[in-house]
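Report on the structure given below.
Numbering of residues begins at 1 and proceeds along the displayed sequence.
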Amino acid sequence: MAEVVVLAGSGWVVSPIMRKIINDAKTYLGKDMAQELDDLETTVIPQFRFVIKAAERSPRRMELERWLWKLKAAFYDAEDLLDMHEYKLLQRKATGNISMPSTSNSRLALVSTASNLLPANRRLLRKLTELKNILVEAKNFHREFLSAGTTAAAITGPHVNSSSSTITTSLPTSKVFGRDADRDHIISFLCNPDDTNTSGERNYCTSAIVGHGGAGKTTLAQYIYNDERVVNHFDVRMWICISRKLDVHRHTAEIMESATNNNRVVHFTNLNNLQCALRGVLQESQRFLLVLDDVWFYGFQDEEEWAKLLAPLVSQQRGSQVLVTSRSGRLPAPLCCKQVFPLQNMKDTEFLALFKYHAFSGAGMREQHRSEELLDIAGRIAQKLGQSPLAAKVVGSQLSRNMTITAWKDALKSDNLGETRGSLLWSYQNLDPNIQRCFMYCSLFPKGHVFVINELVHLWVAEGFVVDSSDVNSSDQSRTVEDIARAYFREMVSACFFQPVPKSFDTSYSMHDIIHDFAETLSRGDCFRLEDCMVTEIPHTVQHLSVYVDRMGQHKQSICKLIHLRTVIFMEPVMDDANKLFHEVFCNMKKLRVLLLCFYNSRKLPQSIDEFKHLRYLNILKTSISELPGSLCTLYHLQFLRVHRDVNNLPAKICNLSKLRHLERCSPSLSFGPIAQLPVPQIPYIGKLTKLQHVLEFSVAKQIGYELQQLRDMRELRNILQINYLENVRTKDEALEAMLHNKSRLDRLELSWSYIDDLHINDNLHLEVLEGLKPPRELNDLIVTGYRSPTLVLSNCTSLECLPSSVQLIKHFRHIALRNILNLKTLPCFPGGLVSLNMMGCPLLRFISREELGQDVQHTDLMKVGNLSSTLARILEAKRGSKISKKVRDTLVFEHSSLKQLMALMDDDISAQLQTIKSAIESEREEVLLEENIIKAWLYCQEKRTKLIYSRPTENLLLLPSSIENLSLSSCNLTDGALAVCLQGLTSLKWLSIERIMNLTSFPSPQVLQRLTMLKRLYIRSCWCLRSLGGLREATSLSEVKIDSCISLELVDENGIAVMPSSIGKLSLFGCILGANFLSTDFPRLRSISITCCRSSSSFAIGHLRSLESLSLNNMPDLCFLEGLSCPHLQDIHLINVPNLTAESFSRHHAWKSLAISSSAMLSLMLSIKDFMLPEKLCFEQYDEPSITFQSSANFTSIKFLEFRDSKVMYLPSSLKNLSSLERIKFVRIPNLSSLPDFPNSIQQIEIQDCECLKRSCQAPNGENWQKIECIRWKLIEVSKPDESIAWFIHRYDKVGIAAYPKKLQPGQPVGTSAPSPTHRGLATPSLLCQVRDGVVAATTSSGEDEAAMLENWVAGNGELLISVQASIIMGLQGAVSQTALQPGQPSRDVRPTVESWYFANNKLH
């Protein structure tokens, strides 16, 4: 049957790709030969599918197979020669010898018949002639099969290699049919076990579901696992997939992760520690259920490994269960399987229902007779599927995409659909031939690989598997090859060749084991995975190679024979020298189209890269390469280039790569998730790269090659584009030349001017430039940054006292930010659709309820001078020079600004007190913040502010719509009653932030907070007078609480009971006073605790917190004893500057995952405990000693990961090389370390971040430490760059991205005085979203005009334009406001016509 698969795998010969090769070839041939090829194209190629099927049972099948291999070789050779001819045309274009049209069909017409007959092209002509002669041979096969009267032959299933390793999960992927009785029977056994089934000391018994591949074993197990009876009976449920090879360590880790419901990967690398941790978790369970899916058993040699895996399985009571699924009833003896459930075939009616479910999914048939006929055919097809659920799913899904009677009758004619493999082959043969090639290519990746759509798309396009719509008669010429490739993938998903991976960061997919083996069989001879160092021979026909070994030298001879190799993908780092790799291993790979490198022993890409003239795809992200050679610019076919973030300069002539579609500079990451993209260095004459699809940032300059007009022909740009330094655009015509309106695939556009305080600016010019920058109407989001002209202003508006009062004018606002509007006194009625409100630095806004009017006396005596002073002093003593002193100073800065603004409304003079506060702020001494006169001055001002607030004649409430999800209030005046009124109706509120509101003394009552049923996160910061959290215990949806610098707050009520809700999962406390019982209540969901710079009692207990996973204590000088470090789920311990902690705290501990400490004394204290074993990860953080000593002790043998962070270490011990288990070492911000000791042979990875001295000494090849790290496989050496501290993430469903500031300055550009804006993440909206931020000042030209009126007029004049303003803090702004007042009724310059022409005159932009 394997021969059949070889024939089936050749279906690409009928694809449009083959037709395109022939059509291109005809351009180079004489008239007679071109006519012959025309005949072959119209008469032979369309019959290939029939010829291949008919040959399956023909005596000449082997002859046809040999002919197909010969045809493949000729096809590839012809394609390579045509490719080389096109390369020469591209080379001539790049060097300026010819002007080349953009269309592929016309490119070949440039070469005359005479030039084709030159010696340089004779080889091409000979190869095309050979291809023609091979195609002629097909006529012989065609005539033979026609004369024999053969029809479509029976399809027989391929021989499938049963090796597999795929991913399964406990989550069902589709509806389950016909297994209710099986489910109930097995559940009855699991939930009502016979105690005689348990043996020895075990409290569990084992049962198995057995059936052939594709019978539905996993589906039934999922059905059982998620049944409500099982969920209620077992308090711990675990699911892992064994899938062929048992790996005790990996599978134990997966059991641990499943048992703890931990989304993070468990990184125990010491098996003993891991199993002890798992045993500790299971000991707390009453009964557990463990599902071992897809178990394989290879004989007695595996039984010891199985015994190790099962060793930690314990529980408090009998009745725990292990449920196994397997293709064989022969199972490992340690499982002691007492009950086997053979999986029987489904009933005919149930099987038919399953097939119909997939075959008719999404089908809408209007014709009754057609529906009845298809149902009849469906019944007959189902009878031929051999009761295989996988076959029903695959065949049914395939037929659902072609609801025609003819197609279904053709399927009915297939003989061997009853075998799963036969049904797969039938479904495969019904795929488009181009999709078939893409499917086979996936066998390059290992079994169990998680496929990310975009990564596959780029590879398929580079390999030439995808037909460009511009090269064929396509009805949709607007689709790119990437769009078509994604459609290919969707077809395969629809045909059930891929299945989604649940809970992945982005939608990712895996492949069923049988389907993966099927792909391997189809691609045999074309694709090869080099996974075993013992492999001595690679088939000479291999076109595509993936590499998993760590050294290529021993495979050099085999690889050098692969002269037709088109693909090399390194999946893991190789240790070979980069130059040797290119000169010795890659020397014969002249036909490479895809090259993905992975090594960390060279900073330079070899010059010889230019020998790969066919190269389309080059990925060097997982390398240490930071320098690219100029020869790279001669790879004229290159379509995809991905480089490391350390590549700060691109070759000067990279603009010559006219076929480049994707140029990505990325930040490498070992964690799963989307790749973080960064802006690429500026490219002169980037306008030549007309096919480029992504340019995150384009900076306009006045030099030739950097003008805005470079963007004119780049119509393929998509997703996000940020244009900087628009002040360098001198005329409206220059702006028009960018032709932004033609960039229809852009989702988000940011236009940025880089200054805000230059007084010599022509505002008329800016209006003209803005008018010329016509954005495409397809935009979702538009951001204008640093624009000078009078537009929308909600930041630093010194004269703005109110917002438009009409709801109609602001009804489309969904996100509103009001920041530092010092004179804002009133707010409008907010619109019903408002989602978020951010209000900061509006000191004249005073919110108070009616009941509180006139109660200033009751609220003035909030604190005594001594109490506040002593409290601040205690907290500051926790750590001198730490963040706490900075936060106190920052709070006084905001307070000084607010009080200064309020002083004009007060009856009393507070100027002297403000001067005292100002002096303290400007002082560099921390002690001055504690001086009594400073606190006394602030309290005096606070008293006068309180009097001002409560003396209002009428109430003033902050009334918000119930649609609010995010609310942030900072540095404004809000009383307890006003906060209660504000919150009581916010039933959609998810996130609440309260900062620097000094009038707040208590949170609302339980009656108010229990209504906040959606509230998830609460952040309270620097509310110095806040004493009580009120009824917070009733906010039962709250999962995360962060309290920062609330020095008066009591975390327990009057009865000494903790006030946090039981639902809390994450608690963070900073700069607070902690009582002894603040954690006394049981918090069943509390997973993470972080306490920093707090004063506390000498001890507190965490042992009752059974779900606690992470504990971080930082700068805790009072703590002496910590009870409960043996919590069963506790994994991560962070003990930084906790100097008085005693050894007794560690007397009862269990195996942790990681430990961070800050002193050698703490380490010695722990090692003094008998049998203390360090975890696999040890981190030294804020370690102030110059050296570290590792004692010669067995305690260190467990360390796999060693990290040094934010420390003053100068020397590492030579004994480091004795840590025989050490695999990974990391250095983060260790400025004094420049020399490294010898490392143990076990080390696999080194990371260096923000360590300049160490980075220089580790540079290849002459760095002082290079020889010590040269043999380490993974080397990640980076320095974070301020201008790239936040990466742009391009995500399928989040088209907005994240902007990073500050920007780079142009040569000679003066440094502005604006502070960096906070990072803001916008939301995609149906209408145009315009964000104006970073230094937009309304009063630059019409400062005397009432700003509220101007805002009202502007919005009114622009209809339903949706505007969300995120204004940022502007510091040091001087002289930008004109002092010329306008006369009453005098109009200011009207910007509405410009705005209207910009937004609406161009095709009604919306």
Side-chain angles (χ1 to χ4, degrees), residues 102-104 453-455 457-458 460-462 466-471 474-490 506 639-642 657-665 674-675 677 679-680 683 686-698 708-723 735-751 773-784 1288-1299 1322-1330 1398-1399 1402-1406:
S102 59
T103 60
S104 58
I453 298 177
N454 282 339
E455 298 304 307
V457 162
H458 294 316
W460 290 342
V461 170
V466 186
V467 178
D468 192 337
S469 59
S470 62
D471 292 330
S474 172
S475 59
D476 186 3
Q477 296 291 319
S478 65
R479 289 206 306 172
T480 65
V481 284
E482 290 84 4
D483 296 332
I484 297 170
R486 292 186 187 94
Y488 287 179
F489 191 88
R490 289 193 296 270
D506 193 1
Q639 299 175 2
F640 181 96
L641 175 60
R642 179 179 287 165
L657 303 181
S658 59
K659 284 201 164 188
L660 199 61
R661 305 177 68 85
H662 302 275
L663 174 57
E664 300 179 359
R665 178 168 168 257
I675 296 175
Q677 293 196 29
V680 299
I683 300 175
I686 193 175
K688 293 182 178 181
L689 304 179
T690 56
K691 296 182 181 296
L692 203 60
Q693 296 185 13
H694 301 285
V695 177
L696 294 182
E697 289 188 8
F698 177 80
L708 187 61
Q709 69 185 40
Q710 292 291 328
L711 299 175
R712 179 180 57 202
D713 298 324
M714 302 180 71
R715 301 186 59 170
E716 299 299 317
L717 290 177
R718 63 192 59 219
N719 293 338
I720 301 171
L721 172 62
Q722 178 176 322
I723 306 176
L736 286 168
E737 286 187 25
M739 299 184 71
L740 295 183
H741 62 279
N742 284 338
K743 317 295 189 284
S744 59
R745 292 187 172 95
L746 283 176
D747 294 318
R748 180 177 188 260
L749 175 65
E750 179 167 348
L751 307 174
L773 296 170
K774 300 179 179 179
R777 61 182 177 179
E778 294 83 2
L779 273 185
N780 285 331
D781 306 290
L782 174 67
I783 297 177
V784 180
W1288 295 76
F1289 286 89
I1290 300 177
H1291 189 273
R1292 181 177 178 184
Y1293 298 109
D1294 180 5
K1295 301 178 180 179
V1296 178
I1298 305 175
L1323 297 174
T1325 58
S1327 305
L1328 182 66
L1329 173 63
C1330 175
W1398 189 36
Y1399 293 122
N1402 297 290
N1403 298 316
K1404 192 70 176 177
L1405 176 60
H1406 248 281

To the nearest 0.5 Å, tell me how far Glu737 CD sits from Asp713 CG. 10.5 Å
Under the rule for salt bridge (Lys or Arg N to Asp or Glu O under 4.0 Å), what residues qualify as partners of Asp483, not counting sequence neighbours? Arg486
Apply side-chain contact (heavy atoms from CB on, under 4.5 Å) to the pair Asn719 and Arg748, showing each step before the final yes or no. CA-CA 6 Å; Asn719 293 338; Arg748 180 177 188 260; over 6 Å; no
Stepwise side-chain contact (heavy atoms from CB on, under 4.5 Å) test for Leu711 and Ile723: CA-CA 10 Å; Leu711 299 175; Ile723 306 176; 3.8 Å; yes
With a 4.5 Å limit on heavy-atom distance, are the side chains of Ile683 and Leu663 in contact? yes
Please round to the nearest 0.5 Å and tell me the distance separating atom CZ of Phe698 and atom CD of Gln710. 6.0 Å
Under the side-chain contact (heavy atoms from CB on, under 4.5 Å) rule, what do Leu692 and Met714 come out as? Steps first, then yes or no, please. CA-CA 7 Å; Leu692 203 60; Met714 302 180 71; 4.1 Å; yes
Which is it for Ile720 and Asp747 under the side-chain contact (heavy atoms from CB on, under 4.5 Å) test, yes or no, and what are the steps along the way? CA-CA 6 Å; Ile720 301 171; Asp747 294 318; 5.9 Å; no
Mind checking the CG-CG spacing from Leu696 to Leu721? Nearest 0.5 Å is all I need. 8.5 Å
Check whether Arg718 reaches the backbone of Leu746 with its side chain - one donor and one acceptor, N or O, closer than 3.5 Å. no
In Å and rounded to the nearest 0.5 Å, what is the CG to NZ distance from Leu749 to Lys743? 10.0 Å
Over all heavy atoms of both residues, which pair between Ser744 and Pro776 is shortest? Give the atoms and the distance, please. CA-CB, 4.2 Å
If we only count heavy atoms from C-beta on, is the Lys774 to Leu740 side-chain gap below 4.5 Å? no
Got a second to check how far Lys688's NZ is from Ser658's OG, nearest 0.5 Å? 10.0 Å
Rounded to the nearest 0.5 Å, what separation is found between the CG atom of Leu751 and the CD atom of Gln722? 9.5 Å
For Glu482, give me all partners under side chain to side chain donor-acceptor pair (under 3.5 Å), at least two apart in sequence or on another chain. Thr480, Arg661, His662, Gln693
Taking all non-hydrogen atoms of both residues, which atom of Leu708 and which atom of Ala735 are closest, and how far apart? CD2-CA, 3.8 Å
